[in-house]
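Have a look at the structure below, then the notes.
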Amino acid sequence: IVTWNAMLTAYAQNGHVDQAKSIFDAMPHRNIVSWTTMLTGYALSGNLARTKMVFDAMPEKNLVSWTAMEDAYARRGHIEEAKHMFDEMPQRDMFSWNVILAAYSELGDFHQAKDLFETMMPQQDLISWTVMLAAHAQGGDITGAKKLFEQMPERDTVLWGAMLASFAIKGRSVEAMDLFEEMKVGVAQPDEACFSVVLSLCCHHGKVYASRCCFVSMQMDFGFSAGKQHYCSMVDVLARSGYVAEAEELVLVMPVVPD
RNA sequence: UCCACAGUGGCGCGUAC
């Protein structure tokens, strides 16, 4: 059953929900994991009606399936239904709390999010903090975001990335770059998303040399392979700075399909 | 008791509008 479920997941999470359904029907046995996998498969494909049908048809439900349904509504912007799931579910854990928190944040309902975070949630974890940091930044309160960041007892790469992106999006380039330098000396491990943010920042300011250093360092020092966004920034900054031939060369040699 | 398969966070792509 675990092997069948693993197959199911492979199809369902890669956009082949119809093949997943075939496997689901062909499986000798199905358990709650199989059902929940199908539920998320339909949710990922954007078919909310089918998602709900699976949820209703499940022979048994647990916290994971309730949360998956809650998340499916939240991601389609159906906050009322998501909240309803949340209210109706038999138990709650950090996942279900964070889903509803992220839903308010995503909708730009900062006050609901803040209220939930500060007074209603029984506790908060790193993910809740990251959502709130992003919510502050999204609402333009970069100072509040920074304060949250500095107060954090623990920080992971995603949280650093959220702070970095918040600075970058609000035009606080110097702080963004300082933060990135701090990461690179070993305080935290930057990932591809961090490099994307920094590259687009360098690009935006027309800093060809800095862009190039960043682009090279990402691959040489950190072992990441450049993706479409990274190439896009490099090509952009080169071309805009008059290095049209170099930009063209890069497009020709890059292992990415140009869009 | 622990270990395999399903649910939550940052940039972007895609999808939708």
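Since the structure is predicted, the reported quantities are computational estimates derived from the model, not experimental observations. A, B, ... follow the sequence lines: proteins, then strands. Residue 1 opens every chain.
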Table of protein N/O atoms under 3.5 Å from nucleotides 2-5 of chain B N/O atoms:
from, atom 1, to, atom 2, distance (Å)
B/rC5, O2', A/Thr9, OG1, 3.1
B/rC5, O2, A/Asn5, ND2, 2.6

Inset, instruction - Return the value, rounded to whole Å, for the distance between atom CG of A/Leu48 and atom C1' of B/rU15. - result: 14 Å
Inset, instruction - Take atom OH of A/Tyr11 and atom C1' of B/rA6, then tell me their distance rounded to the nearest Å. - result: 18 Å
Legend entry - Test side-chain contact (heavy atoms from CB on, under 4.5 Å) applied to A/Ser105 and A/Val131, A/Ile100, A/Asn98, A/Leu133, the passing residue: A/Val131
Inset, instruction - Please report, rounded to the nearest Å, how far the P atom of B/rA6 is from the CG atom of A/Leu39. - result: 14 Å
Inset, instruction - Could you tell me whether A/Phe195 and A/Phe222 have their ring centroids closer than 6.0 angstrom? - result: yes
Inset, instruction - Go through the steps for A/Phe117 and A/Trp129 under the test ring pair (Phe, Tyr, Trp, His ring centres under 6.0 Å), then give the verdict. - result: CA-CA 8 Å; A/Phe117 182 81; A/Trp129 285 90; 5.2 Å; yes
Legend entry - Nucleotide B/rA6, atom P - distance to CH2 of A/Trp4 in whole Å: 18 Å
Inset, instruction - Give A/Cys194 one of three labels, base, sugar-phosphate or nothing, depending on what nucleic acid heavy atoms sit under 4.0 Å from its own. - result: base
Inset, instruction - Remember a base hit wins even if backbone is also touched, and classify A/Ser128 as base, sugar-phosphate or nothing at under 4.0 Å, heavy atoms. - result: nothing
Inset, instruction - Would you mind reading off the distance between A/Met89 atom CE and B/rA6 atom P, rounded to a whole angstrom? - result: 19 Å
Inset, instruction - May I have the distance from A/Asn14 (atom CG) to B/rG14 (atom C1'), rounded to whole angstrom? - result: 14 Å
Inset, instruction - Ignoring hydrogens and angles, state whether a donor on the side chain of A/Asp191 or A/Thr157 is under 3.5 Å from an acceptor on the partner side chain. - result: no
Legend entry - Verdict with reasoning, A/Lys184 to A/Glu181, per salt bridge (charged side-chain N to carboxylate O under 4.0 Å, His left out): CA-CA 5 Å; A/Lys184 283 203 297 187; A/Glu181 289 305 320; 3.8 Å; yes
Inset, instruction - Tell me, with the steps shown, if A/Ser211 and A/Met234 meet side-chain contact (heavy atoms from CB on, under 4.5 Å). - result: CA-CA 7 Å; A/Ser211 297; A/Met234 268 320 292; 3.8 Å; yes
Inset, instruction - Send over the distance from A/Met163 CE to B/rC11 C1', rounded to a whole Å. - result: 14 Å
Inset, instruction - Whole angstrom is fine here: how far is it from CG in A/Leu44 over to C1' in B/rA6? - result: 11 Å
Inset, instruction - Would you sort out whether A/Phe215 and A/Tyr231 count as a side-chain contact (heavy atoms from CB on, under 4.5 Å), showing the intermediate values? - result: CA-CA 8 Å; A/Phe215 187 72; A/Tyr231 278 104; 3.6 Å; yes
Legend entry - Residue pair A/Gln229 / A/Ser196, side-chain donor-acceptor N/O under 3.5 Å: yes
Inset, instruction - Please check if the side chain of A/Ser96 supplies one atom and the backbone of A/Arg92 the other of a donor-acceptor pair under 3.5 Å. - result: no
Check: protein-nucleotides 7-9 of chain B nitrogen or oxygen pairs below 3.5 Å:
from, atom 1, to, atom 2, distance (Å)
B/rG7, OP1, A/Gln13, NE2, 3.3
B/rG7, N1, A/Asp93, OD2, 3.2
B/rG7, N2, A/Thr67, OG1, 2.8
B/rG7, N2, A/Asp93, OD1, 3.0
B/rG7, N2, A/Asp93, OD2, 3.2
B/rU8, O3', A/Arg75, NH2, 3.1
B/rU8, O2, A/Asn98, ND2, 2.8
B/rG9, OP1, A/Arg75, NH1, 3.4
B/rG9, OP1, A/Arg75, NH2, 2.6
B/rG9, N1, A/Asp156, OD2, 3.0
B/rG9, N2, A/Thr130, OG1, 2.9
B/rG9, N2, A/Asp156, OD1, 3.0
B/rG9, N2, A/Asp156, OD2, 3.1
B/rG9, N3, A/Thr130, OG1, 3.4

